[in-house]
Number of protein chains: 2
Amino acid sequence: MITLKDVARALGVAPSKVWLALADHPHVHERTKARVRAAAAEMGYVGHLPARVMRGGRSALIGLTIPDVRNDFYSTAAQAISEACARDGYQVVLCLTGDAPDRERDQLRGLVAARCAGVIVVGTGRMHRETVALLDQVPHVQLIRRARGLHAPWFGIDDAASTRLAVEHLVALGHRDLGYVGGDLELSTGAERFRGFREAMAAAGLASTARWCEHGSGDEASGRVATHRVLGGARRPTALVLAGSRLTAGALAAIRELEIGVPRELSVVGFNDAGALGWWGSGVTSVGLPVGDIALACASGLLAALRASSPGAPAGETQAGAQVAATFAPYLVERGSTAAPESRKRARAA
Amino acid sequence: MITLKDVARALGVAPSKVWLALADHPHVHERTKARVRAAAAEMGYVGHLPARVMRGGRSALIGLTIPDVRNDFYSTAAQAISEACARDGYQVVLCLTGDAPDRERDQLRGLVAARCAGVIVVGTGRMHRETVALLDQVPHVQLIRRARGLHAPWFGIDDAASTRLAVEHLVALGHRDLGYVGGDLELSTGAERFRGFREAMAAAGLASTARWCEHGSGDEASGRVATHRVLGGARRPTALVLAGSRLTAGALAAIRELEIGVPRELSVVGFNDAGALGWWGSGVTSVGLPVGDIALACASGLLAALRASSPGAPAGETQAGAQVAATFAPYLVERGSTAAPESRKRARAA
DNA sequence: GAGATATCTGCTAACGTTTGCAGTCGGAGC
DNA sequence: GCTCCGACTGCAAACGTTAGCAGATATCTC
C-alpha cells in the first residue's frame, strides 16, 4: 500500500512537503503542488485514515444502531441518514441490535473502539448501564425512541397522536369495538402509542377492552401471533389498530390466515405508510410518518453538533440552525381497508 | 479518553504489562491479570482500534456497496451480511451508490482510506477505472451483479432462470402475448434476465414484441413509467413479467393507476418474493430468491478469505470450506395475480 | 555588495498500541 | 554460598500522518 513517504521518495522530496502540497498549503509552490498531486494520483496514493485518527482526531464514521434493517421504517431512515452523512464526508456503520441489549452493547463497544465521530441511536428497551457509559464518550442523538437514562437530543414522532388518529378515524366511521396490536411497553414508542390509543378511546367515551389489546416485541412474528390472539376469540372487535411497521405485516398475514374479510368484517389501520400498503388491491388505510424527514433532521442535528465541536468552528458559540430536537406529526392515509361496521350499515339501511 | 497508558499509570505498572494482561498472555501472573482487568473495566478503558490498525493490520470494517437500502433485496442482504460479520467481530459500513459510478468511487475511496478489511460489492453498470484500481487494494467479493473488469468471486442467482420460470408459468396458463419490464441492460442482471425472457419465449415458439419490452434504471419510478408505456398502447399484452424488486413496486402502482383488473385483464409475475407481495388480498405471483442464503454465502466467502489471509492461518494452504462462488436457483411462488387469459377461458367455455 | 525580509523546505516529535529483546528477581541445584 | 535457570517485567521501536519550528534560499532594499 502506497504511503505518503513512498510518494515523497519517488519525487525525491520530504514527506512533509508532500503532505503540505496535498493539503493545498499556501507555503508550497503551485508548480510543486501540481507535480505532487500528479505523482500521488499516478501511484494510487490513498491517505491512511487510522493514522490521521491517531493524531487526536476522530474517524469519519457515524454509527447507526437500529433493531432491523428489513423494517421499512429503518431502511428508509438508514437511506436518508447515509446520504446526509455522505454529503459531509462521513460513512455510516450499520449496527443491528435485534433489540437485544447485549448486542447493542457489543456494537457500541466496537464503535467507541473505532473512535467513530458520532452515533445515531435507536435504543433497546432495557439498555445496559455500560451502554450508557459508552455513549457518554461519543456525541450522539436519539432516533424515534427515547431511552431511559439518556439525555441526548431526540428526533421522532408524536407517538400518541399516531394511534389517536387511527382511533378517531375508526370512531368516526361508527366503530365502537376496537382492538390494538402494539409494541413493547418498555419502549417509549410502545408506551406512548398505547397511551394515545387509550386516551382517544376514553375521549370517545369508549372502554379499551384488555382482551383485545396485545403488546408484542414489535417484529412480524409477534404481530402475527398477537393478531391471532385478538381475533381468535368468540367475540371480536370490528376494527383493529396496528402500532408498528413490522407488526402491520404480521397482522395482515394473520388476517389472511383467519380468512377475515377486510373491510367487510374487520376494518384495519396499518402503521408507517410504506409503499407496499398502497401497491396492491384497494390498499391499506394507515398512519403515515415522514420517515425521511425525521431521519434527515436527526442526521443534520448530529452533523451540526460535530461541526460545532470541530476545531475549525467558533468555540463557545452555539451553531445557528443546529436543531437539537424535533417532533414530527403523523398523518392518516385513507385507503380501502377501513369502512363503517356492518351493524352501522344495517342500522342505516333500516 | 482512557488509554492503556492511563490504566498502567493508575496501577503503577508498565503499559506493556497491562497490554499482556488484557491479551491474556501466559507470562503474566493470574493475580496481576485480574487486577488489571478490574482496573480497565473500572476506568472504562476501550482499546484504540485505529492505533492497532496502524501497526500494520486492517480495521474491523467490511464495506457493503449497494444501490439503495430501501430495496427489499438489499435490505434483506444487508441484514444477513451484517449479522454474519458481527459474528466474526466485523462491523459493516453501509455505502449507498444510487447506481452512480461517481458515488461508488467516492465511497470506495473512503473504504480504502479507512483500511477496511474487505468489501462486498454490488457494482454499478459503468464502473470507473479508478474504482477497479481501488478494489484491487482490498479483498472483495461480488454480490448479485458481475461487474466488467472485476474477477473477484461472485455470489448471485441464475438470472436467466428467474425470467424463464415466469415465462414458462404464464405460457402454461395459455398466455401468448407477454410484456417485460426489466432493469438496465448494462448490468449483468438486467442483460441475463432479459436473455432468459427471450430464450424462454423462443423456446415456446413465441416472439418477444419489442414494444412490450422496457428496460429502466431499476428503481420504482422507472418501473412505473415503463409499465405505463408497455400497457398504455391500444393493444396490450395479457401478461407482464417483472424483473426487478423495486420495478415490481412501481409496476403494481402503474397497474392501479391504469385501473387494469388483475388477473382478469392482466396476469402479473412479480420479482423477489418480499413479504409485501404475500400480505394483502390474493397476493402477487412472483419469482422468489433465497436472498438471505445468497448474502450469507457472500459474507462467508469474504470472511473465509480474510481468515485465510490473516497471519494466524496456515499460509499457502487453501482454507477448507471456503466457498469462492455460488449460483442460487430462483423459484416460483404462485399466488392470485396470474390466471388463464380471458380468450382461453372463453375458448374453454365454448 | 551586505543585510533584511519573504518565501519556501526539511527535520523531528507525537498520537496509542503492540512486540521483540534485554533486564531483574526468585528459587533450585551443586 | 554460588551459579544457573525459569518466570516474569520494563524499555524502546515502529506503524503513517501531521504540525511546529528551525533552517535555507531567493528577492529586495539600502
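The figures here come from the full heavy-atom set of this structure, side chains too, leaving out hydrogens, waters and symmetry mates. Each chain gets a letter, A, B and so on, in the order its sequence line appears, and its residues count up from 1.
Atoms CG (L49(A)) and C1' (dC15(C)) sit 15 Å apart, rounded to a whole Å. Remark: P of dC15(D) and CG of D6(A) are 11 Å apart, rounded to the nearest angstrom. Rounded to an integer number of Å, the gap from R9(A) CZ to dT17(D) P is 12 Å. The interatomic distance linking I2(A) (CD1) with dT17(D) (P) rounds to 11 Å, in whole Å. L20(B) places its CG atom 9 Å from the P atom of dT9(D), with the value rounded to the nearest Å. Going from atom NZ of K17(A) over to atom C1' of dT18(D) covers 17 Å, rounded to whole Å. Look at CG on L22(A): it is 14 Å from C1' on dG16(D), rounded to the nearest Å. Whole-Å rounding puts the K33(B) NZ to dT9(D) P distance at 11 Å.
Within the nucleic acid shown, T3(B) comes within 4.0 Å of sugar-phosphate atoms alone, with no base atom in reach, counting heavy atoms only.
At the phosphate of dG16(C), neither OP1 nor OP2 sits under 4.0 Å from any side-chain N or O atom of K5(B). Taking side-chain N and O atoms only, Y45(B) has no distance below 4.0 Å to OP1 or OP2 of dG16(C). Contact annotation: R52(A) side-chain N/O to dG16(D) OP1/OP2 distance is not under 4.0 Å.
Although no hydrogens or angles enter the test, the distance criterion places no donor-acceptor pair under 3.5 Å between the side chain of W19(B) and the main chain of L4(B). With hydrogens and angles ignored, the 3.5 Å screen pairs no side-chain donor or acceptor of Q142(B) with any backbone N or O of F155(B). E104(A) places no side-chain N or O within donor-acceptor distance of the main-chain N or O of T65(A), the cut-off being under 3.5 Å.
Closest approach to the A14(A) side chain among dG16(C), dG10(C), dA19(D) is made by dG10(C) (side chain taken as heavy atoms from C-beta onward). The side chain of L4(A) lies closest to dT18(D) when the candidates are dT18(D), dT19(C), dT17(C). Here the side chain of R55(B) is nearest to one of dG10(C), dT17(D), dG16(C), namely dG16(C).
Each of S16(B) and M54(B) was assigned the nucleotide of DNA chain D with the nearest heavy atom; the assignment lying further toward the 5' end belongs to S16(B).
Proximity of L134(B) to H128(B): side-chain heavy atoms (C-beta onward) are nowhere separated by under 4.5 Å.
The nearest pair of heavy atoms linking Y90(B) to A117(B) is CE2-CB, 3.5 Å.
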